Number of protein chains: 2
Amino acid sequence: MNIGQAASASGVSAKMIRHYETTGLIPKAARAYSGYRRYDERDIHTLRFIRRARTAGFSTAQIKKLLSLWQDRQRPAREVKELASAHLSDLQMRIAELQTIAHALTQLIAHCHGGERPQCPILDNLAGDDSAPRGELR
Amino acid sequence: MNIGQAASASGVSAKMIRHYETTGLIPKAARAYSGYRRYDERDIHTLRFIRRARTAGFSTAQIKKLLSLWQDRQRPAREVKELASAHLSDLQMRIAELQTIAHALTQLIAHCHGGERPQCPILDNLAGDDSAPRGELR
DNA sequence: GCTTGACCTTCCAATGATGGCAAGGTTTAG
DNA sequence: CTAAACCTTGCCATCATTGGAAGGTCAAGC
């Protein structure tokens with residue numbers, strides 16, 4: 001299998017497969033005489049693992065760890081759970097931050113008439129004019 | 001006021017003030033004889049506006065638009081509302097995506113014993129082994 | 001056998017927002 | 001006069017990903 005097939009079979013772009021190779025996330029691929037990279041089913045399996053982990057928002061550093069745990073038959077599930085839990089905390093923090101912003105923005109938008117007149121609580125708030133707060137973007 | 005004072009007065013780092021200048025988000029600052037950038041209260045006001053907009057997650061492109069609307073006394077509030085609404089939709093989509101991931105991860109973590117044994121539903125799921133799904137990371 | 005198009009190779013650059021460092025000029029207080 | 005604190009420009013790094021350019025390889029059709 002060449003890199004193009006590996007890409008469509010795994011859902012990881014050829015570009016990224018090469019990138020993962022140079023950054024050491026995956027080992028160097030075998031090469032045909034032509035110099036083309038060759039991939040087998042095991043490689044595809046690994047690439048799919050990586051794609052799923054990326055979709056789940058793990059960083060490449062975390063994925064590196066996950067891959068080594070995956071390949072270690074002796075791994076304690078504890079380590080995987082810790083890594084995943086750390087990532088989950090991260091996600092929850094980011095979600096909370098975004099929600100805070102979204103709520104504030106929702107309030108401001110609700111109070112903006114949205115017509116042709118210039119008066120606008122959204123701009124007023126961004127400008128720091130607190131006379132009509134309602135969901136501060138601070 | 002020099003750039004350092006402008007930075008601490010506005011909450012925007014000196015680095016970013018220069019960056020905003022080179023990218024055209026703010027006009028080129030006046031210069032003292034020495035070559036130092038000079039800032040007045042209006043500049044600070046603008047920088048604070050930018051900082052709040054960034055905190056609210058607006059991109060620099062959106063902030064550019066917001067700034068021009070802010071400075072246009074004739075703007076229709078409609079335009080501001082549309083821009084903010086588009087950003088809010090963005091935020092809500094990102095929140096929803098993150099929540100989907102967080103939920104799936106929560107399930108998987110809940111089902112991982114986290115002990116010293118190697119068996120782990122988190123890795124199984126990432127590997128594509130659906131025998132014990134519960135929150136797919138797909 | 002040759003051409004064409006699809007595929008592959010490497011390398012370099014850009015994204016967006018920010019931080020960091022380096023080498024050098026300026027200002028200000030002591 | 002000197003030292004500290006500030007400023008200048010410029011370049012590099014982050015993170016994951018995409019894009020392009022220039023060139024080599026392969027398979028199919030004529």
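Quick note on labels: first sequence line is chain A, next is B, and so on, each numbered from 1. Being a predicted model, the structure only gives us computed values, none of them experimental.
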Quiz prompt | Distance in angstrom units between A:Ile17 CD1 and C:dC8 P, rounded | solution = 9 Å

Self-check item: Proximal nucleotide (of D:dT8, C:dA17, C:dT9) relative to the A:Ile3 side chain
Solution: C:dT9

Exercise. Using a cut-off of strictly less than 4.0 Å, decide whether B:Thr60 has a side-chain nitrogen or oxygen near OP1 or OP2 of C:dA17.
Key: yes

Practice problem: Figure out the CG/P separation between A:Leu25 and D:dT17, and round it to whole Å. | Solution: 10 Å

Exercise. Indicate, with a heavy-atom threshold strictly under 4.0 Å, whether A:Arg31 touches base, sugar-phosphate, or nothing.
Key: sugar-phosphate

Quiz item: Nearest to the side chain of B:Ser13 - C:dA17, D:dT17, C:dG19?
Solution: C:dG19

Practice problem: Send over the distance from B:Arg18 CZ to D:dC6 P, rounded to a whole Å. | Solution: 13 Å

Exercise. Please list, chain by chain and in numerical order, all residues satisfying side-chain contact (heavy atoms from CB on, under 4.5 Å) with B:Lys64, sequence neighbours excluded.
Key: B:Leu25

Practice problem: Using a 4.0 Å heavy-atom cut-off, write out nucleotides 22-30 of chain C from 5' to 3' as B (base contacted by protein), S (sugar-phosphate only) or - (no contact). | Solution: ---BBS---

Quiz item: Would B:Met1 and B:Asp40 satisfy side-chain contact (heavy atoms from CB on, under 4.5 Å), going step by step from the backbone distance to the final call?
Solution: CA-CA 6 Å; B:Met1 237 193 271; B:Asp40 61 22; over 6 Å; no

Quiz item: What is the distance, rounded to the nearest whole Å, between atom CD of B:Glu21 and atom P of D:dC7?
Solution: 14 Å

Quiz item: Which of these nucleotides, D:dC15, C:dT18, D:dT18, is closest to any side-chain atom of A:Met16?
Solution: D:dT18

Self-check item: Side-chain N or O of B:Arg37 closer than 4.0 Å to phosphate OP1/OP2 of D:dC7
Solution: no

